[in-house]
Amino acid sequence: MRPRRAGWWLALALVGGCDLDLIELPSRRPSLPTTPSMVPIPAPSPSPSPGPVVPPGTSVHLALGAPMDASPQDELLLVKPQYVVSYNRFRNNPNWVAWRLTASDIGTVGRTQRSFSPDPQLPPGVYRVYHRDYAGGGYDHGHLCPSGQRTATFEDNAATFLTTNIVPQRHAINAGAWASLEQWSVERAREGWDLFIVAGGLWDRACATDLSPAGNVVSEACPTVGRSPDPARRVAIPVATWKVIVMVPHGRGVDAVGPETQVVAVEMPNEAGSGRDWRRYVMTVDALEARTGYDFLTLLSRELQARIEAQPYQGN
Ligand code: MN
Ligand code: MN
């Protein structure tokens, strides 16, 4: 799928210093109406030309390119040393999280946290989800960048316990096929592969935040966890979680991606009773692009994307 290049509005919040470095990129989208229950959208300045995409070199975790769709106004980019988040302030969920997994990410640090914390990197005015916002909903705090893939240092592991890195996920999936694909990925890294991974949720149209002109309003029909009377403080439940993994021999970088490169793409329904076999969910990247509306692997040439995105994973 090849979504049109749209203007981007992104807040690029860079860690490393105390200040939140917010960069507003130009967009050709008109200002959208706000509603009383939602955080007002910063008005993008109208621009006749498309804004830039996430600039190449933004993060090693985006070495194959950031996923792109036609609705950047619901994406807030949070760049961290351990991973990169596209955050959806209207669903109180990440749209996606991207990270590189390499053998040196796997160490001896175990799970450093028992609960999840609000992400201090979110700009003022954006609701910060708390661990307890998931309470009683029947859903796990489902990691996207998993704890078990960030065990080299305490800081790396603790960073995975931010609520910008989780979605409400059924335990059967979180502890089943999703977990077995995470473990499989760790084994591939230990074998000498670098894995470029992006994972996210898929939401029902009732939870859409990319519609215009009523855009950004998550409808009452959107299923959520959380007990707040304020819908802007509830967490939308995805109907599925998905993941794309590209494997490159360690240290060779993305230039090593070629027509024979192995790519795993899966979409797992967010429901009970699936078992641990992730291979039953394998699909092509092209099919996942159609499902999510994202273009993946955007920094690879169109020819290379066309080739490797059409092949379902057939390895072990
Ligand atoms: Mn998990
Ligand atoms: Mn693509």
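Each ligand, and each atom within it, is numbered from 1 in the order the structure gives. Computed from a predicted model, the values in this text were never measured in an experiment.
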Atom name, D295 (N, O or S, nearest to the Mn ion (ligand 2))
OD1

E289, N/O/S atom nearest the Mn ion (ligand 2)
OE2

Can you tell me if [X] has an N, O or S atom under 2.8 Å away from the Mn ion (ligand 2)?
X: T298; value: no
X: L300; value: no
X: E309; value: yes

Could you go through residues 249-259 and list every donor-acceptor pair under 3.5 Å that involves a side-chain atom there, pairing it with any protein atom two or more places apart or in another chain?
{"residue": "H250", "atom": "ND1", "partner": "T102", "partner atom": "OG1", "Å": "3.2"}
{"residue": "H250", "atom": "ND1", "partner": "D194", "partner atom": "OD1", "Å": "2.7"}
{"residue": "H250", "atom": "ND1", "partner": "D194", "partner atom": "OD2", "Å": "3.3"}

Counting only N and O atoms by type, is there a donor-acceptor contact under 3.5 Å from the side chain of R227 to the main-chain atoms of G137?
no

Is D140 reaching over with its side chain to a backbone N or O of G142, donor-acceptor style, under 3.5 angstrom?
no

Ring-plane angle category for F116 and F161, please: parallel below 30°, perpendicular beyond 60°, tilted otherwise.
tilted

For S147, all residues meeting side chain to side chain donor-acceptor pair (under 3.5 Å), sequence neighbours excluded:
N157

